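These figures come from a predicted structure and were not determined experimentally. Any value given below was found using the heavy atoms of this structure, including those in side chains, with hydrogens, waters and symmetry copies removed.
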There are 2 protein chains.
Amino acid sequence: MADDSLLDIGPTSVGPTADRLYAAIVDQIIDGGLRPGDALNEVALAERFGVSRTPVREAVQRLAMAGLAERGARRSFRVRRLPPAELGDLLEALCEIEAVCARLGAARMSEVERQELEACVREGAEAAAAGDGEAYARLNARFHQLVFDSARNDHLKEVAGQLRVRAAPYREAQFRQTDRLASSQAEHEGILAAVLAKDPDAAQAAMMLHVASSSLNIRRMLDPSAPKR
Amino acid sequence: MADDSLLDIGPTSVGPTADRLYAAIVDQIIDGGLRPGDALNEVALAERFGVSRTPVREAVQRLAMAGLAERGARRSFRVRRLPPAELGDLLEALCEIEAVCARLGAARMSEVERQELEACVREGAEAAAAGDGEAYARLNARFHQLVFDSARNDHLKEVAGQLRVRAAPYREAQFRQTDRLASSQAEHEGILAAVLAKDPDAAQAAMMLHVASSSLNIRRMLDPSAPKR
DNA sequence: AAGATGGTATATGTATGCATATGGTGCATT
DNA sequence: AATGCACCATATGCATACATATACCATCTT
(Lines give C-alpha, C1' and ligand atoms only; values in the text may rest on other atoms or scores of the structure.)
Protein backbone atom coordinates (compact mmCIF):
# COMPACT_ATOMS: atom_id res chain seq x y z
CA MET A 1 0.00 0.00 0.00
CA ALA A 2 2.96 2.30 0.47
CA ASP A 3 4.43 1.93 -2.98
CA ASP A 4 3.47 4.11 -5.89
CA SER A 5 2.15 1.35 -8.09
CA LEU A 6 -1.22 1.60 -9.76
CA LEU A 7 -4.16 1.01 -7.50
CA ASP A 8 -6.23 -2.06 -8.03
CA ILE A 9 -9.50 -1.18 -9.68
CA GLY A 10 -10.74 -4.72 -9.83
CA PRO A 11 -10.48 -7.37 -12.56
CA THR A 12 -8.66 -5.73 -15.42
CA SER A 13 -11.05 -6.67 -18.17
CA VAL A 14 -14.48 -6.51 -16.55
CA GLY A 15 -16.75 -3.69 -17.57
CA PRO A 16 -16.06 -0.10 -18.48
CA THR A 17 -13.23 1.67 -16.70
CA ALA A 18 -15.59 4.34 -15.38
CA ASP A 19 -17.70 1.70 -13.64
CA ARG A 20 -14.71 0.15 -11.94
CA LEU A 21 -13.37 3.57 -10.98
CA TYR A 22 -16.69 4.50 -9.43
CA ALA A 23 -16.77 1.30 -7.40
CA ALA A 24 -13.14 1.71 -6.37
CA ILE A 25 -13.65 5.29 -5.18
CA VAL A 26 -16.81 4.36 -3.29
CA ASP A 27 -14.87 1.60 -1.55
CA GLN A 28 -12.15 4.06 -0.63
CA ILE A 29 -14.75 6.39 0.84
CA ILE A 30 -16.37 3.59 2.81
CA ASP A 31 -13.18 2.17 4.23
CA GLY A 32 -11.79 5.59 5.09
CA GLY A 33 -9.09 5.74 2.44
CA LEU A 34 -10.81 8.89 1.21
CA ARG A 35 -12.31 11.07 3.90
CA PRO A 36 -14.89 13.85 3.73
CA GLY A 37 -13.29 17.01 2.36
CA ASP A 38 -10.56 15.16 0.48
CA ALA A 39 -10.03 16.49 -3.03
CA LEU A 40 -11.11 14.40 -5.98
CA ASN A 41 -8.49 15.76 -8.33
CA GLU A 42 -9.04 14.48 -11.84
CA VAL A 43 -5.44 14.30 -12.96
CA ALA A 44 -4.29 12.84 -9.65
CA LEU A 45 -6.96 10.13 -9.76
CA ALA A 46 -6.22 9.48 -13.43
CA GLU A 47 -2.52 8.97 -12.74
CA ARG A 48 -3.28 7.00 -9.61
CA PHE A 49 -5.43 4.53 -11.49
CA GLY A 50 -3.45 4.64 -14.70
CA VAL A 51 -6.23 5.93 -16.95
CA SER A 52 -7.11 9.18 -18.66
CA ARG A 53 -9.21 11.96 -17.17
CA THR A 54 -12.29 11.05 -19.17
CA PRO A 55 -13.44 7.96 -17.23
CA VAL A 56 -12.36 9.65 -14.01
CA ARG A 57 -14.65 12.55 -14.74
CA GLU A 58 -17.53 10.21 -15.41
CA ALA A 59 -16.95 8.36 -12.18
CA VAL A 60 -16.79 11.60 -10.20
CA GLN A 61 -19.97 12.88 -11.82
CA ARG A 62 -21.67 9.74 -10.67
CA LEU A 63 -20.29 10.18 -7.17
CA ALA A 64 -21.82 13.64 -7.13
CA MET A 65 -25.19 12.26 -8.20
CA ALA A 66 -24.95 9.66 -5.45
CA GLY A 67 -24.44 12.42 -2.92
CA LEU A 68 -20.88 11.31 -2.20
CA ALA A 69 -19.08 14.24 -3.83
CA GLU A 70 -19.64 17.97 -3.77
CA ARG A 71 -18.19 20.89 -5.63
CA GLY A 72 -15.33 22.72 -3.99
CA ALA A 73 -13.16 25.64 -4.98
CA ARG A 74 -12.22 26.03 -8.66
CA ARG A 75 -15.15 23.86 -9.68
CA SER A 76 -13.30 20.91 -8.29
CA PHE A 77 -14.98 17.99 -6.62
CA ARG A 78 -14.20 16.67 -3.18
CA VAL A 79 -15.63 13.97 -0.97
CA ARG A 80 -18.83 15.35 0.46
CA ARG A 81 -18.60 16.84 3.90
CA LEU A 82 -21.78 16.76 5.95
CA PRO A 83 -22.25 19.65 8.37
CA PRO A 84 -23.91 18.53 11.63
CA ALA A 85 -27.36 19.66 10.52
CA GLU A 86 -27.15 17.71 7.28
CA LEU A 87 -25.76 14.67 9.01
CA GLY A 88 -28.76 14.87 11.30
CA ASP A 89 -31.08 14.96 8.29
CA LEU A 90 -29.30 12.01 6.75
CA LEU A 91 -29.48 9.89 9.87
CA GLU A 92 -33.12 10.74 10.39
CA ALA A 93 -33.96 9.84 6.80
CA LEU A 94 -32.04 6.59 7.16
CA CYS A 95 -33.87 5.87 10.38
CA GLU A 96 -37.27 6.27 8.76
CA ILE A 97 -36.43 4.31 5.64
CA GLU A 98 -34.75 1.42 7.41
CA ALA A 99 -37.74 1.21 9.70
CA VAL A 100 -40.03 0.95 6.70
CA CYS A 101 -37.83 -1.83 5.31
CA ALA A 102 -38.05 -3.66 8.61
CA ARG A 103 -41.84 -3.42 8.64
CA LEU A 104 -42.17 -4.69 5.07
CA GLY A 105 -39.53 -7.32 5.68
CA ALA A 106 -41.24 -8.69 8.77
CA ALA A 107 -44.32 -9.32 6.65
CA ARG A 108 -42.53 -10.72 3.60
CA MET A 109 -39.47 -12.60 4.77
CA SER A 110 -39.20 -16.24 3.81
CA GLU A 111 -38.37 -18.88 6.39
CA VAL A 112 -34.88 -19.17 4.97
CA GLU A 113 -34.34 -15.44 5.30
CA ARG A 114 -35.54 -15.52 8.88
CA GLN A 115 -32.99 -18.18 9.64
CA GLU A 116 -30.25 -16.20 7.90
CA LEU A 117 -31.07 -13.16 9.98
CA GLU A 118 -31.12 -15.27 13.13
CA ALA A 119 -27.70 -16.70 12.29
CA CYS A 120 -26.38 -13.21 11.64
CA VAL A 121 -27.58 -12.02 15.03
CA ARG A 122 -26.12 -15.10 16.71
CA GLU A 123 -22.71 -14.42 15.19
CA GLY A 124 -23.10 -10.81 16.22
CA ALA A 125 -23.60 -11.90 19.80
CA GLU A 126 -20.31 -13.78 19.70
CA ALA A 127 -18.44 -10.83 18.18
CA ALA A 128 -19.96 -8.44 20.69
CA ALA A 129 -19.11 -10.75 23.58
CA ALA A 130 -15.55 -11.04 22.31
CA GLY A 131 -15.36 -7.27 21.91
CA ASP A 132 -14.31 -7.74 18.27
CA GLY A 133 -15.38 -4.41 16.80
CA GLU A 134 -14.17 -5.16 13.30
CA ALA A 135 -16.08 -8.42 13.04
CA TYR A 136 -19.13 -6.79 14.55
CA ALA A 137 -19.02 -3.95 12.02
CA ARG A 138 -19.12 -6.50 9.20
CA LEU A 139 -21.99 -8.40 10.79
CA ASN A 140 -23.84 -5.16 11.41
CA ALA A 141 -23.59 -4.26 7.73
CA ARG A 142 -24.78 -7.75 6.84
CA PHE A 143 -27.70 -7.50 9.24
CA HIS A 144 -28.95 -4.28 7.69
CA GLN A 145 -28.42 -5.61 4.19
CA LEU A 146 -30.53 -8.65 5.02
CA VAL A 147 -33.31 -6.40 6.24
CA PHE A 148 -33.13 -4.30 3.06
CA ASP A 149 -33.31 -7.42 0.92
CA SER A 150 -36.20 -8.81 2.89
CA ALA A 151 -38.38 -5.81 2.04
CA ARG A 152 -38.53 -7.14 -1.54
CA ASN A 153 -38.46 -3.69 -3.06
CA ASP A 154 -35.54 -2.79 -5.29
CA HIS A 155 -36.19 0.94 -5.32
CA LEU A 156 -36.45 1.14 -1.56
CA LYS A 157 -33.33 -0.98 -1.23
CA GLU A 158 -31.51 1.32 -3.61
CA VAL A 159 -32.27 4.54 -1.74
CA ALA A 160 -31.58 2.90 1.60
CA GLY A 161 -28.22 1.72 0.30
CA GLN A 162 -27.41 5.17 -1.05
CA LEU A 163 -28.13 6.85 2.24
CA ARG A 164 -26.20 4.20 4.12
CA VAL A 165 -23.09 4.78 1.99
CA ARG A 166 -23.36 8.51 2.57
CA ALA A 167 -23.30 7.93 6.30
CA ALA A 168 -20.50 5.37 6.14
CA PRO A 169 -17.61 7.80 6.72
CA TYR A 170 -19.24 8.94 9.93
CA ARG A 171 -20.28 5.52 11.18
CA GLU A 172 -16.83 4.06 10.76
CA ALA A 173 -15.31 4.43 14.19
CA GLN A 174 -18.49 3.70 16.06
CA PHE A 175 -17.66 0.14 17.03
CA ARG A 176 -14.41 1.08 18.70
CA GLN A 177 -16.56 1.79 21.72
CA THR A 178 -17.18 -1.66 23.13
CA ASP A 179 -20.22 -0.48 25.06
CA ARG A 180 -21.87 0.47 21.78
CA LEU A 181 -21.26 -3.08 20.60
CA ALA A 182 -23.37 -4.49 23.42
CA SER A 183 -26.26 -2.05 23.07
CA SER A 184 -26.30 -2.40 19.29
CA GLN A 185 -26.41 -6.17 19.62
CA ALA A 186 -29.29 -5.95 22.10
CA GLU A 187 -31.21 -3.80 19.62
CA HIS A 188 -30.54 -6.27 16.82
CA GLU A 189 -31.98 -9.00 19.01
CA GLY A 190 -35.07 -6.90 19.58
CA ILE A 191 -35.55 -6.45 15.84
CA LEU A 192 -34.99 -10.15 15.25
CA ALA A 193 -37.57 -11.05 17.88
CA ALA A 194 -40.17 -8.86 16.18
CA VAL A 195 -39.32 -10.38 12.79
CA LEU A 196 -39.55 -13.94 14.12
CA ALA A 197 -42.88 -13.05 15.73
CA LYS A 198 -43.97 -11.75 12.30
CA ASP A 199 -44.96 -8.48 13.90
CA PRO A 200 -44.35 -5.72 11.30
CA ASP A 201 -45.19 -2.79 13.53
CA ALA A 202 -42.92 -4.04 16.29
CA ALA A 203 -40.14 -4.58 13.77
CA GLN A 204 -40.56 -1.06 12.46
CA ALA A 205 -40.48 0.41 15.95
CA ALA A 206 -37.46 -1.68 16.95
CA MET A 207 -35.53 -0.70 13.85
CA MET A 208 -36.35 2.95 14.32
CA LEU A 209 -35.10 2.74 17.86
CA HIS A 210 -31.94 1.01 16.71
CA VAL A 211 -31.02 3.48 13.97
CA ALA A 212 -31.95 6.42 16.17
CA SER A 213 -29.75 5.10 18.93
CA SER A 214 -26.95 4.59 16.46
CA SER A 215 -27.44 8.11 15.16
CA LEU A 216 -27.33 9.62 18.59
CA ASN A 217 -24.13 7.74 19.25
CA ILE A 218 -22.55 8.97 16.02
CA ARG A 219 -23.50 12.56 16.76
CA ARG A 220 -22.15 12.24 20.29
CA MET A 221 -18.84 11.03 18.94
CA LEU A 222 -18.58 13.95 16.53
CA ASP A 223 -19.76 16.62 18.95
CA PRO A 224 -19.15 16.22 22.67
CA SER A 225 -21.92 18.69 23.45
CA ALA A 226 -24.28 15.98 22.17
CA PRO A 227 -27.20 17.77 20.52
CA LYS A 228 -30.31 15.74 21.05
CA ARG A 229 -32.36 17.40 18.27
CA MET B 1 -41.05 22.94 -31.79
CA ALA B 2 -41.34 21.44 -35.27
CA ASP B 3 -38.28 23.04 -36.83
CA ASP B 4 -34.83 21.49 -36.74
CA SER B 5 -33.19 24.30 -34.82
CA LEU B 6 -31.11 23.63 -31.74
CA LEU B 7 -33.07 22.82 -28.64
CA ASP B 8 -33.06 25.28 -25.83
CA ILE B 9 -30.91 24.08 -22.99
CA GLY B 10 -31.46 27.10 -20.83
CA PRO B 11 -29.50 30.33 -20.39
CA THR B 12 -26.51 30.11 -22.66
CA SER B 13 -23.89 31.13 -20.17
CA VAL B 14 -25.04 29.58 -16.90
CA GLY B 15 -23.07 26.64 -15.58
CA PRO B 16 -21.42 23.74 -17.35
CA THR B 17 -23.08 22.38 -20.47
CA ALA B 18 -23.41 18.95 -18.90
CA ASP B 19 -25.49 20.37 -16.07
CA ARG B 20 -27.85 22.13 -18.43
CA LEU B 21 -28.07 19.05 -20.62
CA TYR B 22 -28.97 16.91 -17.65
CA ALA B 23 -31.73 19.28 -16.62
CA ALA B 24 -32.99 19.55 -20.19
CA ILE B 25 -33.17 15.79 -20.65
CA VAL B 26 -34.89 15.31 -17.30
CA ASP B 27 -37.46 17.88 -18.35
CA GLN B 28 -37.99 16.05 -21.61
CA ILE B 29 -38.56 12.82 -19.72
CA ILE B 30 -40.99 14.45 -17.32
CA ASP B 31 -43.05 16.21 -19.97
CA GLY B 32 -43.16 13.17 -22.21
CA GLY B 33 -40.85 14.45 -24.94
CA LEU B 34 -38.69 11.42 -24.20
CA ARG B 35 -40.56 8.26 -23.31
CA PRO B 36 -39.42 5.08 -21.60
CA GLY B 37 -37.46 2.95 -24.03
CA ASP B 38 -36.41 5.88 -26.21
CA ALA B 39 -32.75 5.73 -27.18
CA LEU B 40 -30.34 8.21 -25.63
CA ASN B 41 -28.01 8.26 -28.60
CA GLU B 42 -24.90 10.28 -27.85
CA VAL B 43 -24.29 11.69 -31.30
CA ALA B 44 -27.96 12.40 -31.89
CA LEU B 45 -28.27 14.26 -28.60
CA ALA B 46 -25.00 16.09 -29.26
CA GLU B 47 -26.20 17.32 -32.64
CA ARG B 48 -29.64 18.08 -31.27
CA PHE B 49 -28.22 20.36 -28.58
CA GLY B 50 -25.31 21.63 -30.63
CA VAL B 51 -22.55 20.36 -28.38
CA SER B 52 -19.98 17.59 -28.49
CA ARG B 53 -20.46 14.08 -27.19
CA THR B 54 -18.45 14.64 -24.03
CA PRO B 55 -20.96 16.67 -22.01
CA VAL B 56 -23.75 14.50 -23.40
CA ARG B 57 -22.03 11.41 -22.05
CA GLU B 58 -21.69 13.00 -18.63
CA ALA B 59 -25.32 14.00 -18.57
CA VAL B 60 -26.41 10.50 -19.56
CA GLN B 61 -24.20 8.91 -16.91
CA ARG B 62 -25.93 11.08 -14.37
CA LEU B 63 -29.32 10.08 -15.70
CA ALA B 64 -28.32 6.47 -15.20
CA MET B 65 -27.31 7.15 -11.60
CA ALA B 66 -30.63 8.88 -11.02
CA GLY B 67 -32.41 5.76 -12.21
CA LEU B 68 -33.75 7.52 -15.29
CA ALA B 69 -31.63 5.71 -17.88
CA GLU B 70 -30.70 2.08 -18.37
CA ARG B 71 -28.29 0.27 -20.63
CA GLY B 72 -29.69 -1.08 -23.84
CA ALA B 73 -28.20 -2.95 -26.77
CA ARG B 74 -24.66 -2.07 -27.88
CA ARG B 75 -23.90 -0.52 -24.50
CA SER B 76 -26.21 2.30 -25.41
CA PHE B 77 -28.41 4.07 -22.93
CA ARG B 78 -32.13 4.55 -23.21
CA VAL B 79 -34.79 6.06 -21.04
CA ARG B 80 -35.49 3.56 -18.29
CA ARG B 81 -38.43 1.28 -18.84
CA LEU B 82 -40.08 -0.02 -15.71
CA PRO B 83 -41.61 -3.49 -15.97
CA PRO B 84 -44.86 -3.77 -13.99
CA ALA B 85 -43.15 -5.41 -11.01
CA GLU B 86 -40.56 -2.65 -10.75
CA LEU B 87 -43.14 0.04 -11.21
CA GLY B 88 -44.99 -1.54 -8.33
CA ASP B 89 -41.85 -1.39 -6.21
CA LEU B 90 -41.31 2.22 -7.13
CA LEU B 91 -44.83 3.28 -6.30
CA GLU B 92 -44.75 1.41 -3.03
CA ALA B 93 -41.45 3.03 -2.05
CA LEU B 94 -42.81 6.42 -2.99
CA CYS B 95 -45.92 5.75 -0.96
CA GLU B 96 -43.92 4.94 2.16
CA ILE B 97 -41.50 7.83 1.81
CA GLU B 98 -44.11 10.45 1.02
CA ALA B 99 -46.08 9.25 4.02
CA VAL B 100 -43.04 9.73 6.23
CA CYS B 101 -42.63 13.25 4.83
CA ALA B 102 -46.25 13.98 5.62
CA ARG B 103 -45.84 12.78 9.19
CA LEU B 104 -42.72 14.85 9.78
CA GLY B 105 -44.23 17.81 7.95
CA ALA B 106 -47.37 17.79 10.05
CA ALA B 107 -45.20 18.17 13.12
CA ARG B 108 -42.80 20.76 11.71
CA MET B 109 -44.72 22.97 9.34
CA SER B 110 -44.75 26.68 10.03
CA GLU B 111 -47.99 28.65 10.03
CA VAL B 112 -47.03 30.17 6.69
CA GLU B 113 -46.45 26.75 5.18
CA ARG B 114 -49.79 25.54 6.44
CA GLN B 115 -51.46 28.46 4.72
CA GLU B 116 -49.55 27.79 1.52
CA LEU B 117 -50.69 24.20 1.52
CA GLU B 118 -54.24 25.29 2.22
CA ALA B 119 -54.13 27.72 -0.70
CA CYS B 120 -52.74 24.99 -2.93
CA VAL B 121 -55.58 22.67 -2.00
CA ARG B 122 -58.13 25.42 -2.53
CA GLU B 123 -56.83 26.08 -6.04
CA GLY B 124 -56.86 22.34 -6.62
CA ALA B 125 -60.55 22.26 -5.75
CA GLU B 126 -61.23 24.86 -8.42
CA ALA B 127 -59.20 23.04 -11.04
CA ALA B 128 -60.87 19.75 -10.16
CA ALA B 129 -64.32 21.32 -10.29
CA ALA B 130 -63.51 22.84 -13.67
CA GLY B 131 -62.18 19.50 -14.88
CA ASP B 132 -58.92 21.19 -15.86
CA GLY B 133 -56.53 18.23 -15.77
CA GLU B 134 -53.47 20.20 -16.83
CA ALA B 135 -53.87 22.80 -14.11
CA TYR B 136 -54.62 20.10 -11.58
CA ALA B 137 -51.46 18.19 -12.52
CA ARG B 138 -49.40 21.30 -11.80
CA LEU B 139 -51.13 21.89 -8.49
CA ASN B 140 -50.71 18.24 -7.58
CA ALA B 141 -46.97 18.48 -8.16
CA ARG B 142 -46.88 21.64 -6.09
CA PHE B 143 -48.85 20.02 -3.29
CA HIS B 144 -46.42 17.14 -3.00
CA GLN B 145 -43.44 19.47 -3.23
CA LEU B 146 -44.80 21.53 -0.35
CA VAL B 147 -45.13 18.38 1.73
CA PHE B 148 -41.56 17.36 0.91
CA ASP B 149 -40.28 20.79 1.88
CA SER B 150 -42.24 20.81 5.09
CA ALA B 151 -40.46 17.69 6.34
CA ARG B 152 -37.36 19.86 6.78
CA ASN B 153 -35.01 17.10 5.72
CA ASP B 154 -32.92 17.63 2.61
CA HIS B 155 -31.89 14.01 2.21
CA LEU B 156 -35.42 12.73 2.51
CA LYS B 157 -36.58 15.41 0.10
CA GLU B 158 -33.89 14.40 -2.35
CA VAL B 159 -34.76 10.71 -2.45
CA ALA B 160 -38.47 11.49 -2.58
CA GLY B 161 -37.85 13.79 -5.52
CA GLN B 162 -35.76 11.18 -7.28
CA LEU B 163 -38.42 8.54 -6.97
CA ARG B 164 -41.10 10.97 -8.05
CA VAL B 165 -39.22 11.81 -11.25
CA ARG B 166 -38.79 8.13 -11.99
CA ALA B 167 -42.52 7.66 -11.79
CA ALA B 168 -43.32 10.80 -13.79
CA PRO B 169 -43.55 9.14 -17.22
CA TYR B 170 -46.17 6.78 -15.87
CA ARG B 171 -48.14 9.32 -13.91
CA GLU B 172 -48.47 11.70 -16.84
CA ALA B 173 -51.80 10.78 -18.30
CA GLN B 174 -53.47 10.11 -15.00
CA PHE B 175 -55.40 13.36 -14.81
CA ARG B 176 -57.08 12.87 -18.16
CA GLN B 177 -59.60 10.84 -16.21
CA THR B 178 -61.75 13.49 -14.64
CA ASP B 179 -63.03 11.12 -11.99
CA ARG B 180 -59.47 10.68 -10.74
CA LEU B 181 -59.28 14.46 -10.39
CA ALA B 182 -62.12 14.47 -7.91
CA SER B 183 -60.89 11.57 -5.80
CA SER B 184 -57.34 12.91 -5.74
CA GLN B 185 -58.62 16.29 -4.62
CA ALA B 186 -60.65 14.67 -1.85
CA GLU B 187 -57.53 12.86 -0.65
CA HIS B 188 -55.54 16.08 -0.69
CA GLU B 189 -58.20 17.64 1.49
CA GLY B 190 -57.91 14.75 3.91
CA ILE B 191 -54.15 15.23 4.16
CA LEU B 192 -54.58 18.97 4.60
CA ALA B 193 -57.09 18.42 7.39
CA ALA B 194 -54.65 16.20 9.25
CA VAL B 195 -51.88 18.74 8.77
CA LEU B 196 -54.04 21.63 10.00
CA ALA B 197 -55.04 19.50 13.00
CA LYS B 198 -51.29 18.97 13.61
CA ASP B 199 -51.89 15.24 13.73
CA PRO B 200 -48.76 13.56 12.31
CA ASP B 201 -50.07 10.01 12.38
CA ALA B 202 -53.27 10.98 10.61
CA ALA B 203 -51.25 12.89 8.02
CA GLN B 204 -49.04 9.88 7.42
CA ALA B 205 -52.02 7.58 7.04
CA ALA B 206 -53.83 10.02 4.74
CA MET B 207 -50.78 10.46 2.53
CA MET B 208 -50.21 6.74 2.34
CA LEU B 209 -53.80 6.28 1.27
CA HIS B 210 -53.44 9.01 -1.33
CA VAL B 211 -50.27 7.71 -2.95
CA ALA B 212 -51.53 4.13 -2.80
CA SER B 213 -54.75 5.15 -4.48
CA SER B 214 -52.77 7.03 -7.11
CA SER B 215 -50.56 3.98 -7.62
CA LEU B 216 -53.51 1.68 -8.06
CA ASN B 217 -54.93 4.06 -10.59
CA ILE B 218 -51.68 4.21 -12.53
CA ARG B 219 -51.37 0.45 -12.59
CA ARG B 220 -54.97 0.10 -13.71
CA MET B 221 -54.32 2.46 -16.60
CA LEU B 222 -51.28 0.48 -17.70
CA ASP B 223 -52.78 -2.95 -17.23
CA PRO B 224 -56.53 -3.46 -17.55
CA SER B 225 -56.31 -6.71 -15.57
CA ALA B 226 -55.50 -4.45 -12.60
CA PRO B 227 -53.10 -6.41 -10.39
CA LYS B 228 -53.82 -5.49 -6.81
CA ARG B 229 -50.55 -6.90 -5.38
C1' DA C 1 2.81 49.03 5.03
C1' DA C 2 -1.60 47.64 3.33
C1' DG C 3 -4.69 46.97 -0.21
C1' DA C 4 -5.92 46.50 -4.86
C1' DT C 5 -5.04 44.96 -9.34
C1' DG C 6 -3.21 42.29 -12.94
C1' DG C 7 -0.79 38.22 -14.39
C1' DT C 8 0.07 33.48 -14.16
C1' DA C 9 -0.44 28.78 -12.96
C1' DT C 10 -3.38 25.00 -12.41
C1' DA C 11 -7.40 22.33 -12.78
C1' DT C 12 -11.69 21.82 -14.92
C1' DG C 13 -14.78 22.10 -19.39
C1' DT C 14 -15.22 20.79 -24.05
C1' DA C 15 -14.06 18.99 -28.53
C1' DT C 16 -12.13 15.68 -31.57
C1' DG C 17 -10.01 11.43 -33.06
C1' DC C 18 -8.99 6.74 -32.73
C1' DA C 19 -9.85 1.99 -30.63
C1' DT C 20 -13.11 -1.49 -29.72
C1' DA C 21 -17.10 -4.10 -28.89
C1' DT C 22 -21.55 -5.45 -30.35
C1' DG C 23 -25.29 -6.49 -33.12
C1' DG C 24 -27.09 -7.01 -37.56
C1' DT C 25 -26.92 -8.71 -42.20
C1' DG C 26 -25.76 -11.54 -45.91
C1' DC C 27 -23.83 -15.50 -47.77
C1' DA C 28 -22.62 -20.13 -47.75
C1' DT C 29 -23.39 -24.66 -46.28
C1' DT C 30 -26.08 -28.52 -44.73
C1' DA D 1 -35.34 -23.59 -46.17
C1' DA D 2 -32.99 -23.09 -41.95
C1' DT D 3 -28.89 -22.45 -39.43
C1' DG D 4 -24.31 -21.02 -38.58
C1' DC D 5 -20.41 -18.11 -39.53
C1' DA D 6 -18.05 -14.18 -41.03
C1' DC D 7 -17.93 -9.54 -42.25
C1' DC D 8 -19.27 -4.87 -41.65
C1' DA D 9 -21.59 -0.89 -39.91
C1' DT D 10 -22.39 1.91 -36.03
C1' DA D 11 -22.25 3.62 -31.52
C1' DT D 12 -19.85 3.68 -27.38
C1' DG D 13 -15.14 3.81 -24.58
C1' DC D 14 -11.11 6.09 -23.92
C1' DA D 15 -7.32 9.24 -24.73
C1' DT D 16 -5.39 13.55 -26.07
C1' DA D 17 -5.41 18.38 -27.09
C1' DC D 18 -7.17 22.84 -26.70
C1' DA D 19 -10.22 26.46 -24.29
C1' DT D 20 -11.45 28.71 -20.17
C1' DA D 21 -12.22 30.04 -15.52
C1' DT D 22 -10.59 30.74 -10.96
C1' DA D 23 -7.56 31.27 -7.16
C1' DC D 24 -3.20 32.60 -5.70
C1' DC D 25 0.72 35.54 -5.80
C1' DA D 26 3.53 39.21 -6.91
C1' DT D 27 4.00 43.83 -7.79
C1' DC D 28 2.66 48.45 -7.92
C1' DT D 29 0.39 52.26 -6.05
C1' DT D 30 -1.40 55.08 -2.45
Should A:Asp149 and A:Lys157 count as an ion pair when the cut-off is N to O under 4.0 Å?
yes
Below 4.0 angstrom, N of the basic side chain to O of the carboxylate: do B:Arg80 and B:Glu86 qualify?
yes
Could you tell me how far apart B:Phe77 (CZ) and D:dA11 (C1') are, to the nearest whole angstrom?
13 Å
Within residues 54-65 of chain B, which residues have any heavy atom lying less than 4.0 Å from an atom of DNA chain C?
B:Thr54, B:Pro55
Residues in side-chain hydrogen bond (donor to acceptor under 3.5 Å, both in side chains) contact with A:Glu113, at least two apart in sequence or another chain
A:Ser110, A:Arg152
To the nearest angstrom, the CD-P distance between B:Glu47 and C:dT14 comes to 18 Å
What residues form a salt bridge (Lys or Arg N to Asp or Glu O under 4.0 Å) with A:Arg171, not counting sequence neighbours?
none
Would you mind telling me which of B:Leu21, B:Leu40, B:Leu34 makes a side-chain contact (heavy atoms from CB on, under 4.5 Å) with B:Leu63?
B:Leu40
Tell me whether the rings of B:His144 and B:His188 are parallel (<30°), tilted (30 to 60°) or perpendicular (>60°).
perpendicular
Considering only side-chain heavy atoms of B:Ser76, which listed nucleotide, D:dT12, C:dA15, D:dC14, is closest?
D:dT12
When you check every protein heavy atom under 4.0 Å of nucleotides 17-26 of chain D, what one-letter string (B, S, -) results, 5' to 3'?
B----BS---
Calculate the interatomic distance between B:Asn41 atom CG and D:dA9 atom P; express it in whole Å.
18 Å
Nucleotide D:dG13, atom P - distance to CG of A:Asp19 in whole Å:
8 Å
Determine the contact category for A:Leu45: base if any of its heavy atoms lies under 4.0 Å from a base atom, sugar-phosphate if only primed atoms, P, OP1 or OP2 are that close, otherwise nothing.
nothing
Does D:dC14 have its OP1 or OP2 closer than 4.0 Å to a side-chain nitrogen or oxygen of A:Ser52?
no
What are the two closest non-hydrogen atoms of B:Leu94 and B:Ala160, and how far apart are they?
CD1-O, 3.8 Å
What pairs with A:Asn217 under side-chain hydrogen bond (donor to acceptor under 3.5 Å, both in side chains), at least two apart in sequence or on another chain?
A:Gln174, A:Gln177
Which residues pass the salt bridge (Lys or Arg N to Asp or Glu O under 4.0 Å) test with B:Arg57, sequence neighbours left out?
A:Glu58, B:Glu42
Starting from P on D:dG13, measure out to CG on B:Leu40 and report it in whole angstrom.
12 Å
Can you tell me if B:Arg71 touches the phosphate of D:dA11, counting only side-chain N or O atoms and a distance under 4.0 Å to OP1 or OP2?
no
Let's see if you can work this out: which of D:dG13, D:dA11, C:dG13 has an atom nearest to the side-chain heavy atoms of B:Glu42?
D:dG13
Atom-pair distance (CZ on B:Phe49; P on C:dT14), nearest Å:
14 Å
